[in-house]
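What follows is one structure encoded as structure tokens, with my remarks underneath.
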Amino acid sequence: MPNLPTGYADRTIRNIVHTSVGGSGVRVSLTNVLGTAAVRMDVVTVAVADAPDAPDAVAGSMRALTFGGAPSVTIPAGGEVLSDPVPLAVPEDGDLLVSAYTPVPSGPVTYHQVANQASYLSQNGDHAADESGAAFTERITFWPYVSGVDVLGQAEGSVVTLGDSITDGNNSTRNANHRWPDYLADRLIAEPGPTRLGVLNAGISSNRLLNSTWNPNALSRLDRDVLTATGVRSVIVLLGINDIGGQPQHHEPSEIIAALGQIAAQVRAKGLRVTGGTLTPFGGSSNYTEELEGVRQAVNEFIRHGGAFDAVADFDIALRDPAAPNRLQAEYDSGDHLHPKDAGYQAMAAVVDLDKLDTRPPGHWIGTWQTAMARTTPAADQGMPNHSIRNVVHTSVGGDAARVRLSNALGTAPVLMGRATLAVATRPDAPDAVAGTMRELTFGGVPSVTIPAGGEVLSDPVSLAVPADGDLLVTVYTPAPSGPVTEHPRSYQTSFITADGDHAADGQGTAFTQPTTAWYYVTGVDVRSSAAHGAVVTFGDSITDGDKSTNNANLRWPDVLADRLAAEPGPTKLGVVNSGISGNRILDSSTGTGIGGPNAFARLSRDMLTTSGARTVIVLEGVNDILNLGHPDAETLKLALRQIAAQAHAQDLRIVVGTITPMKGWRSYTEERNNVRQAVNEFIRTSDDFDAVVDFDAAVRDSADPQRINPSYDSGDHLHPSDAGYRAMAEAIDLDTLR
């Protein structure tokens, strides 16, 4: 972030961005993902640029953007927003202006540092709609706030290029769009017929696989920057050289290879094709040593022959000097012996096989269980060294194989999983495995895995008869100190811990003497199923989390919904996964060790949009904003729900929104707050932004006093339903809306 702790108060930012494919309509993504406070944008516009290096718009092309119909938008800390589409003739291989007026101070500015492109800042005031660039007197070389542009056109999809400074285009000619992804887009444009694929650049200078520097490591940004990119069909990965040559240097290739394998596995799990790019020569650069060259060669051997990728782009061969293969050819070297110049970037694009840039069959993998990580464990700043943690999780659908997702999403340091296992539980409240079901998990064929701070990993599949509506044991052994432990604190399920070493593969649970009501590290289980054809993601707060439901009984409303789907004739068609977090809010995040977790916008990609097999989401959020904000505003919450719906629709997901349940009798209830709830509920019931509505309010309210929960459904705190109330909520859902 620039050294601007309070943002650009009363200034307008004009970003110049380059298109690959064109179209007849456009929408823009704006980001505050690295911000620590909300940022307000009063006016946002898009226009066709008159030139690639000037802030003037083509006459008549200026369009005001709206967000859920509103001309202004506030982006919560950690979140992103997507504008409504507007008609605009967007040129192929052209330039656009994305301008935003930020009227008041905010937190630090989220930006992309190395743009290799001039953008502009205005004098004071709102100049977002100015066709003339006269007010934009300060030139900058980074992109603040803007993160993406989508077009409505004839293209079939997009290719995401994930990488570091070489993908970012370091040392390419400024304002000329001569990065290798730009040259790749040129190749696709030159093919006969309409251009079939756009090209999106997710390169970040200095980016790494294993460590975060001034930017997030690749695994921690994969969901946001790659897997949820609009129309993504294929990914090209070129990462690892900074892990080898930067600080700390990695002198063993195994962790780099494991991280590349993880990226490939998670991309393929999303049904996308993945191309691995070999690491280019760096002989002669300041960090080069023969030992590190050996690491590069080992990583390239894996990329070429390890089987992790669907295709290989041999950038190394394209650029290396035949007489000295550890060096770039002189005609491709920008002069620092690491980054190519324009001719080198063009040579890189030329070796990408265009016929391999397509989707791959996703397989029959469905999310059967999921949880959303909410905080780090109090008093565990060094992790849980020499502990085995046995998480008990409940399935919705079954299958003949399984894979497990482990999370360090909220951690601040890497965590080593020395061993991980999966087994069928003998019962839902004990740590014992059904005999013969214990399976050791591997990650790229290796039994241990290190999860970078902020990242997640996906295990290799294991053959296992996973029961529907049953219980599994996911056990991890963490041998060494690490950073804080990522957890879901309120599971309403007993799991188990031992501080007595590696017991991950124990069939008997006798070593697991310490019960816990949190889930640690495990965030998802997928099953391979020929019967189920998708998953429903339930996204919400404590009422979705199941607060006050009976422990170990799986009587949260998403569990009862899964039971209803299972009771239908024939094989169960849909899994149900739970992304509720007690205390969660739409608009702001918990701080410190608060249980509420990241705000809804900050966790959409990780907890909703990338679930295996997701087809539909059911959203129930807002009551914590209403009950806890000083002056909750119905209009702000309406726009936020519209924005969540827009982002779900952008991923081709159906969205069902639930009305907010009664809260009279809760400690912070007031009539004013209830009026906000009623206004939001009226909007939910009547809006055309959603594919369907489930009226949870009507299902559980007291007919004699509709501001209260029906006493027969009240857990006793007048906010959270009882088991009977959760059943009533699940029964209010029209199953036909989930197809």
Side-chain angles (χ1 to χ4, degrees), residues 368-372 374 392-396 428-429 468-471 488-494 517 519 535-568 574-584 595 616-624 627 656-666 677 681 684 692-703 706-735 737-738:
T368 188
W369 174 86
Q370 183 169 295
T371 194
V392 182
V393 304
H394 190 70
T395 67
S396 52
D429 58 353
D469 193 24
D471 297 285
H488 182 97
R490 293 191 177 180
S491 68
Y492 311 100
Q493 168 68 54
T494 304
T517 56
W519 284 310
V536 179
V537 182
T538 61
F539 186 90
D541 49 42
S542 57
I543 295 175
T544 298
D545 211 4
D547 205 348
K548 301 297 188 294
S549 65
T550 301
N551 274 5
N552 303 323
N554 299 298
L555 293 176
R556 314 163 192 87
W557 71 259
D559 299 315
V560 181
L561 173 61
D563 293 341
R564 289 188 62 206
L565 288 163
E568 289 198 303
L574 292 168
V576 179
V577 299
N578 191 327
S579 281
I581 297 180
S582 293
N584 198 232
I595 64 169
T616 301
V617 296
I618 304 176
V619 175
L620 176 59
E621 282 264 22
V623 74
N624 289 316
L627 287 172
V656 179
V657 176
T659 53
I660 301 171
T661 52
M663 56 194 195
K664 187 176 179 180
W666 180 256
R677 182 183 74 93
N681 280 352
I684 292 169
V693 172
V694 53
D695 203 334
F696 290 137
D697 174 34
V700 300
R701 69 192 179 201
D702 185 352
S703 57
Q707 316 317 319
R708 289 183 178 270
I709 297 179
N710 186 318
S712 61
Y713 294 153
D714 191 343
S715 68
D717 67 6
H718 312 303
L719 178 64
H720 300 98
S722 61
D723 292 350
Y726 285 128
R727 178 166 297 280
M729 290 176 66
E731 289 174 349
I733 298 168
D734 181 351
L735 300 186
T737 65
L738 308 180

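Quick caveat, the model's predicted, so the values are computed rather than measured. For the numbers below, each heavy atom of this structure counts, side chains included, while hydrogens, waters and symmetry mates do not. Numbers here simply count residues along the sequence, with the first being 1.
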Could you tell me whether a side-chain N or O of Arg564 sits under 3.5 Å from a main-chain N or O of Ile733, the two making a donor and an acceptor? yes
Quick check for you: to the nearest 0.5 Å, what is the distance between Gln370 atom CD and Asn578 atom CG? 8.5 Å
Rounded at 0.5 Å granularity, tell me how far CG in Asn584 sits from CG in Asp545. 9.5 Å
What pair of heavy atoms forms the shortest contact from Thr661 to Ile543, and how long is it? OG1-CD1, 3.3 Å
Of all the heavy-atom pairs spanning Ser712 and Ala724, show the shortest one and how long it is. O-CB, 3.9 Å
Looking at Asp697 and Arg677, does any basic side-chain N land under 4.0 Å from a carboxylate oxygen? yes
Test item: Leu561 and Leu735 side chains (from C-beta on) under 4.5 Å apart, heavy atoms: yes
Does either side chain, that of Asp714 or that of His720, offer a donor lying less than 3.5 Å from an acceptor on the other one? no
Separation between CG of Asp559 and NE2 of His394, rounded to the nearest 0.5 Å: 5.5 Å
What heavy-atom pair brings Ser549 and Arg556 nearest, and what distance separates the two atoms? OG-CG, 4.0 Å
Which heavy atom of Pro428 sits nearest to which heavy atom of Gln493, and what is that distance? O-NE2, 2.6 Å
Tell me every residue that passes ring pair (Phe, Tyr, Trp, His ring centres under 6.0 Å) with Trp519, counting only those two or more places apart in sequence or in another chain. Trp369, His488
What's the spacing between Ile581 CD1 and Glu621 CD if we round to 0.5 Å? 8.0 Å
Closest non-hydrogen contact found for Val700 with Ala728 is CG1-CB, 4.4 Å
Where the side chain of Asp695 meets the backbone of Ala732, is there a donor-acceptor pair that is under 3.5 Å apart? no
Looking only at heavy atoms, what is the nearest atom pair of Leu620 and Ile660, with distance? CD1-CA, 4.2 Å
Can you measure from CG (Asp723) to OG (Ser715) and round to the nearest 0.5 angstrom? 9.5 Å
Considering only heavy atoms from C-beta outward, does the side chain of Ser579 approach that of Thr544 to under 4.5 Å? no
Between Ser396 (side chain) and Val576 (backbone), is there a donor-acceptor pair under 3.5 Å? yes
Main-chain N/O of Asp471 paired to Thr395 side chain as donor or acceptor, under 3.5 Å: no
With sequence neighbours left out, write down each residue that passes ring pair (Phe, Tyr, Trp, His ring centres under 6.0 Å) with Phe696, or none if nothing qualifies. Trp557
Are the side chain of Tyr726 and the backbone N or O of Asp547 linked by a donor-acceptor pair below 3.5 Å? yes
Note, Tyr492 side chain near Ser582 side chain (heavy atom, < 4.5 Å): yes
Test side-chain hydrogen bond (donor to acceptor under 3.5 Å, both in side chains) applied to Thr494 and Thr517, Asn552, Asp429, the passing residue: Asn552
